[in-house]
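Read through the structure below, which is laid out as structure tokens, and then see the notes.
Just so it is clear: chains get the letters A, B, ... in the order the sequence lines come, proteins before strands, and each one is counted from 1. Just so it is clear, the values below take in all heavy atoms, side chains as well, and ignore hydrogens, waters and symmetry mates. What you are looking at is a predicted structure, and each value in this text was computed from that prediction instead of being measured.
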Protein chains: 2
Amino acid sequence: MSSSPDVAPAQRSTRQRRAVSAQLAASDDFRSAQDIHEALRREGEAVGLATVYRALQALADAGEVDVLNHAGEAVYRRCSETHHHHLVCRQCGATVEIEGPAVERWTTATAQQHGYAEVSHTLELFGLCPACQRAG
Amino acid sequence: MSSSPDVAPAQRSTRQRRAVSAQLAASDDFRSAQDIHEALRREGEAVGLATVYRALQALADAGEVDVLNHAGEAVYRRCSETHHHHLVCRQCGATVEIEGPAVERWTTATAQQHGYAEVSHTLELFGLCPACQRAG
DNA sequence: GCTGGAGGTGACAGTCATTATCAACATGCT
DNA sequence: AGCATGTTGATAATGACTGTCACCTCCAGC
């Protein structure tokens, strides 16, 4: 019966959340929660592990970061806001954002052909980046 | 220094492995290891959980089943041998195998454009199958 | 058919990422 | 400043999966 119609959960700005965001901003590659937690600790910006997980989840929910599943663990990365996919180096993790309008069209059309609705998709490319090829 | 040049690890045919294979043959959908373990137990064909995991891994290594990661757990399915992708109902798990030569070409070309080599990819579609749309 | 031994099995403990708990704490509104 | 409420973090719990190791089974050779 409250008269306040606000739906936003009122996210507070805390030192911890800012620190996690800063970590993501500082790197272009996908990072795991454990990774970020350790990095923060090293830099003296100690943040509890549970809090790192919560912050990452909040960012993912807000659409500010992309989540991928790599070898059984979730990895996060700050990304552009448009829909896109990733080309990730399986050795060093270097990531390139790629767009594929053709693929988007194909997935939608294919799903419709089979009568499926509300279609989403996951598409990720893995390979060896130029640097790692040279390094052998 | 052995003079025997055999590389095959000599997979034995055991009741347990046959039971796991039979489970996969009995269903067209992706099943988790725990799922299969429970089903076998129900049917009186009790098999240790560790053994189910080992059998599934062996089948996956042999290329006889496809593996997907769904909600943090590996799911397995008996599949055709050619390279293909899946269109999975996110409600009931009904699966359709799909092929997309165009997508294969696109991924290879895109990766090469960025100088990446030895490219692999993951592509899965999720949606609501016709039956679940009606039930919805 | 019997036997030896290599491969297979399974109960259980260990690992690892992630989530729940909950008391102490910080933030932002008034 | 004061207070209600969202946040934090140490720790325990969960859940999927893997390692261990003593016992068992398949099958080749007799």
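- Counting only N and O atoms by type, the side chains of B:Ser21 and B:Arg18 include no donor and acceptor under 3.5 Å apart.
- Side-chain contact check for A:Gln23 and A:Glu43: at least one donor-acceptor pair (N or O, by modelled atom type) lies under 3.5 Å.
- Separating the CZ atom of B:Arg17 from the P atom of C:dG10 is a distance of 11 Å, rounded to the nearest angstrom.
- To the nearest 0.5 Å, the span separating CG on A:Asp29 from SG on A:Cys89 amounts to 9.0 Å.
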Exercise. Check step by step if side chain to side chain contact (heavy atoms under 4.5 Å, CB included) holds for B:Glu64 and B:Glu81.
Key: CA-CA 7 Å; B:Glu64 289 181 42; B:Glu81 291 179 22; over 6 Å; no

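- The distance from atom CG of B:Leu56 to atom P of C:dT9 is 12 Å, rounded to the nearest whole Å.
- Regarding A:His37, its NE2 atom lies at a distance of 13 Å from the P atom of D:dT8, rounded to whole Å.
- Phosphate proximity of C:dG8 to B:Gln16: absent, as no side-chain N or O sits under 4.0 Å from OP1 or OP2.
- The separation between B:Glu45 atom CD and C:dG10 atom C1' is 15 Å, rounded to whole Å.
- Put simply, A:Gln57 has no side-chain N or O that comes within less than 4.0 Å of OP1 or OP2 on C:dT18.
- Put simply, A:Tyr53 has a side-chain N or O that comes within less than 4.0 Å of OP1 or OP2 on C:dT18.
- Atom P of nucleotide D:dT14 and atom CD of B:Glu73 are separated by 18 Å, given to the nearest angstrom.
- Of the candidate nucleotides D:dG9, C:dT18, C:dG10, C:dG10 has the atom lying nearest to any side-chain atom of B:Ala50.
- To the nearest 0.5 Å, atom OG1 of residue B:Thr51 and atom CZ of residue B:Arg15 are 9.5 Å apart.
- In summary, the side chains of B:Ser120 and A:Arg90 do present a donor paired with an acceptor at a separation below 3.5 Å, with no hydrogens or angles considered.
- Every residue meeting the side chain to side chain contact (heavy atoms under 4.5 Å, CB included) condition with A:Glu124, not counting sequence neighbours, appears here in chain and number order: A:Leu68, A:His86, A:Phe126, B:Thr122.
- Atom pair A:His70:NE2 and C:dC16:P shows a separation of 17 Å (rounding to whole Å applied).
- Straight-line distance from the CG atom of A:Asn69 to the P atom of C:dC16: 17 Å, rounded to whole Å.
- Summary for the helix from C:dG1-D:dC30 to C:dT30-D:dA1: the axes at its two ends, each from 5 pairs, differ by 30° when rounded to the nearest 10 degrees.
- A donor and an acceptor atom sit less than 3.5 Å apart, one in the side chain of A:Arg54 and one in the base of D:dG9.
- Atom CG of A:Asn69 and atom CZ of A:Phe30 lie 11.0 Å apart (nearest 0.5 Å).
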Practice problem: Start with the C-alpha distance between A:Val52 and A:Leu40, add both sets of side-chain angles, then the distance that settles side chain to side chain contact (heavy atoms under 4.5 Å, CB included), and finish with yes or no. | Solution: CA-CA 10 Å; A:Val52 173; A:Leu40 287 170; 4.3 Å; yes

Quiz item: For nucleotides 24-30 of chain C, read 5' to 3', which letter fits each nucleotide if B means a protein heavy atom sits under 4.0 Å from the base, S means only the sugar-phosphate is that close, and - means neither?
Solution: --BBS--

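- Taking side-chain N and O atoms only, B:Gln34 has a distance below 4.0 Å to OP1 or OP2 of D:dA16.
- The 5' end of DNA chain D is approached more closely, in terms of each residue's nearest nucleotide, by A:Thr51 than by the other of A:Thr51 and B:Tyr76.
- Atom CG of B:Asp61 and atom P of D:dT18 are 11 Å apart (whole Å).
- Taking the six-membered ring for Trp and the full ring otherwise, A:His85 and B:His121 have centroids separated by 6.0 Å or more.
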